[in-house]
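Shown next, in structure tokens, is the structure this report addresses.
Just so you know, these numbers use all the heavy atoms, side chains as well, and skip hydrogens, waters and symmetry mates.
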Amino acid sequence: MNISRRLTEMEHSPIRNLIPYALAAEKKGVKVIYGNIGQPDLSTPQVYKDGIEKFLNDKKKSDVIAYGPSEGLPGFREAYARYLKRHEISIEKEDIFTTFAGSEALLFILLAICDPGDEIIIPEPFYTNYRTFCTMAGVSIVPLTLSMKDGYSLPSMSVLEDLITEKTRAILLCTPNNPTGTTYTEKELSMIHKLCVHRNLWMVSDEVYREFVFDRQPFSALQLKDARTHTIVIDSLSKRYSLCGARVGVIVCRDRNLLHHILKMAQARLCPATVGQIAAIELLDQCDGEIEKMRDIYRQRVDTLCKVLQNIPGVVIHKPQGAFYVMVKIPVDDSHVFAQYMVSSVEVDHETLLVAPASGFYMTDGLGKDEIRIAAVINEHSLRSAAKILRKALETYPNKKRSVHNEKN
């Protein structure tokens with residue numbers, strides 16, 4: 001049977017494709033520390049669990065769990081608007097469109113603003129699934145390559161403008177960034193927005209990690225003075241509430257004509273998850289304090305991970321300003337081969353470590369082959385153990401580079 005060329009050209013997730021080796025290690029009785037994926041281990045707030053139980057116990061509402069509106073339940077969208085307003089972001093319910101987490105939000109946006117063959121500019125390294133969604137939509141990624149030695153900061157706008165062609169439709173940012181943890185300032189977001197307005201492009205801001213900023217107050221693209229136009233925000237409840245499996249996200253855009261057209265696609269998938277939205281209403285209204293507690297825990301974990309990694313010979317890190325990921329440069333030629341070796345062959349106290357090889361976070365061939373990403377979503381004891389395993393793996397790895405890195409960050 002035929003398989004589409006688009007699908008055969010699509011790559012497996014570098015975050016998940018080494019999991020079979022981790023499962024094989026577990027079958028041998030080795031505990032695997034999963035540093036490859038951003039799956040928080042902090043408890044989902046009880047308010048959400050109570051909301052599900054309350055709904056299921058209400059026989060009038062739960063006797064039949066029915067379809068909801070394709071754009072999301074009004075009560076959920078109103079609660080999300082209230083949440084934003086408490087964070088000094090003024091948005092109306094009609095500017096909010098509920099999706100199956102941020103993933104569907106991005107796919108809908110790409111299909112709404114691009115035709116096959118169009119281009120999106122994305123700073124690299126970037127969240128690996130951006131590539132998958134762009135492939136699904138027939139959209140080409142034009143990478144803006146950033147460097148660890150520069151803290152993954154944006155270059156001058158002239159460099160960015162040189163990448164714009166007649167096929168460019170948007171600039172996609174993630175702030176705080178996955179995988180780098182870099183957080184863009186109001187000034188940086190404003191410059192990009194002005195460029196998008198000038199060149200009639202969309203500025204798409206992925207703000208799934210917005211509340212996890214360590215060194216300043218969070219800032220959203222929606223807070224820009226002229227954000228009524230050319231601005232789309234992707235958001236999700238997955239990370240800030242430890243709610244990854246609920247798959248509840250939103251598109252936020254003050255251009256209601258765009259949302260009107262996105263509704264056509266959303267109607268085809270009928271509706272987002274009804275129960276998840278209902279349970280999330282009180283979560284949005286009551287759990288700002290829970291977000292702050294999680295942010296403080298992640299800040300401490302990132303600090304701990306960076307400290308222990310800095311003591312490993314040949315390792316260079318970028319300390320993130322937000323999110324909970326750490327990019328790590330290591331003295332190897334192929335981090336994918338190294339990561340497979342480590343999880344399959346290296347143990348410390350009957351534990352091994354799974355990380356995400358970084359080449360999958362780049363569009364440019366050859367980049368990221370000496371980098372890995374570690375997610376600080378596990379307790380501090382496990383993070384220290386992870387560093388010990390990484391150190392041993394680098395000491396025993398047969399294919400490491402002869403010369404180590406001497407960069408400083």
Side-chain angles (χ1 to χ4, degrees), residues 4-11 13 70-71 95-145 154 157 160-175 177-178 189 192-208 221-222 224 227-236 249-269 272 360-364:
S4 73
R5 179 172 57 84
R6 184 179 297 178
L7 186 58
T8 58
E9 291 176 351
M10 193 179 297
E11 297 182 0
S13 168
S70 297
E71 65 272 29
D95 304 321
I96 300 165
F97 200 103
T98 312
T99 59
F100 280 103
S103 300
E104 185 183 68
L106 177 57
L107 184 58
F108 276 175
I109 290 165
L110 291 170
L111 292 169
I113 67 176
C114 298
D115 289 315
D118 284 342
E119 298 174 348
I120 299 287
I121 297 171
I122 310 178
E124 67 175 354
F126 54 74
Y127 175 48
T128 180
N129 284 333
Y130 288 168
R131 186 201 306 251
T132 302
F133 296 129
C134 285
T135 301
M136 291 168 67
V139 175
S140 297
I141 295 175
V142 176
L144 172 66
T145 305
L154 294 172
M157 287 301 101
L160 185 54
E161 193 159 15
D162 286 344
L163 299 177
I164 297 174
T165 72
E166 62 181 13
K167 294 183 178 181
T168 307
R169 296 294 174 262
I171 299 172
L172 171 58
L173 303 170
C174 180
T175 178
N177 186 270
N178 174 10
L189 291 175
I192 293 175
H193 183 261
K194 288 178 181 177
L195 176 60
C196 288
V197 171
H198 176 63
R199 299 299 294 266
N200 196 28
L201 307 175
W202 287 101
M203 173 178 170
V204 182
S205 183
D206 181 345
E207 300 184 0
V208 168
L222 296 168
L224 296 170
R228 298 204 66 82
T229 65
H230 298 81
T231 308
I232 308 171
V233 163
I234 297 168
D235 201 5
S236 167
V250 295
I251 298 169
V252 188
C253 181
R254 296 184 176 101
D255 187 327
R256 295 179 186 175
N257 182 54
L258 176 68
L259 298 182
H260 168 75
H261 288 290
I262 288 176
L263 178 61
K264 300 172 188 178
M265 292 182 284
Q267 287 173 338
R269 62 87 161 107
F361 296 99
Y362 288 88
M363 196 71 192
T364 303

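- Put simply, the side chain of I251 does not reach to within 4.5 Å of the side chain of V233, judged on heavy atoms.
- Contact annotation: the side chain of F97 never approaches that of V250 to less than 4.5 Å [non-hydrogen atoms, C-beta and beyond].
- To the nearest 0.5 angstrom, C196 atom SG is 13.0 Å from R169 atom CZ.
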Subject >> Verdict with reasoning, K194 to V197, per side-chain contact (heavy atoms from CB on, under 4.5 Å) >> reply: CA-CA 5 Å; K194 288 178 181 177; V197 171; 5.7 Å; no

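- Here the side chains of R269 and F108 are in contact, with some heavy-atom distance below 4.5 Å.
- Between the side chains of E124 and T364, at least one donor N or O lies within less than 3.5 Å of an accepting N or O.
- The structure places CD1 of I192 at 4.5 Å from CG of L154, a figure rounded to the nearest 0.5 Å.
- Side-chain contact annotation: N177 with Y127, donor-acceptor N/O pair under 3.5 Å absent.
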Subject >> I234 and E207: CA distance, side-chain angles, deciding distance, side-chain contact (heavy atoms from CB on, under 4.5 Å) verdict >> reply: CA-CA 6 Å; I234 297 168; E207 300 184 0; over 6 Å; no

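- The CG atom of L222 sits 9.0 Å away from atom CG of D235, with the distance rounded to the nearest 0.5 Å.
- Distance check, rounded to the nearest 0.5 Å: CG of N200 to CD1 of I164 gives 11.0 Å.
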**OP:** Dump the intermediate steps for side-chain contact (heavy atoms from CB on, under 4.5 Å) on L144 and I122, then the final yes or no.
**Re:** CA-CA 6 Å; L144 172 66; I122 310 178; over 6 Å; no

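- Here the side chains of T99 and P272 are not in contact, with every heavy-atom distance at 4.5 Å or above.
- In this structure, T229 OG1 and R254 CZ are separated by 10.0 Å, a value rounded to the nearest 0.5 Å.
- A donor and an acceptor atom, one from each side chain of E119 and T165, are located under 3.5 Å apart.
- A salt bridge does not link D118 with K167: every distance from a Lys NZ or Arg NE/NH1/NH2 to an Asp or Glu carboxylate oxygen is 4.0 Å or more.
- Taking the six-membered ring where tryptophan is involved, the planes of H230 and W202 are tilted, since the angle between them lies from 30° to 60°.
- Annotation: the span from L106 atom CG to M136 atom CE amounts to 10.0 Å, rounded to 0.5 Å.
- Shown are V204, L160, L163; of these, the side chain to side chain contact (heavy atoms under 4.5 Å, CB included) with I171 is made only by L160.
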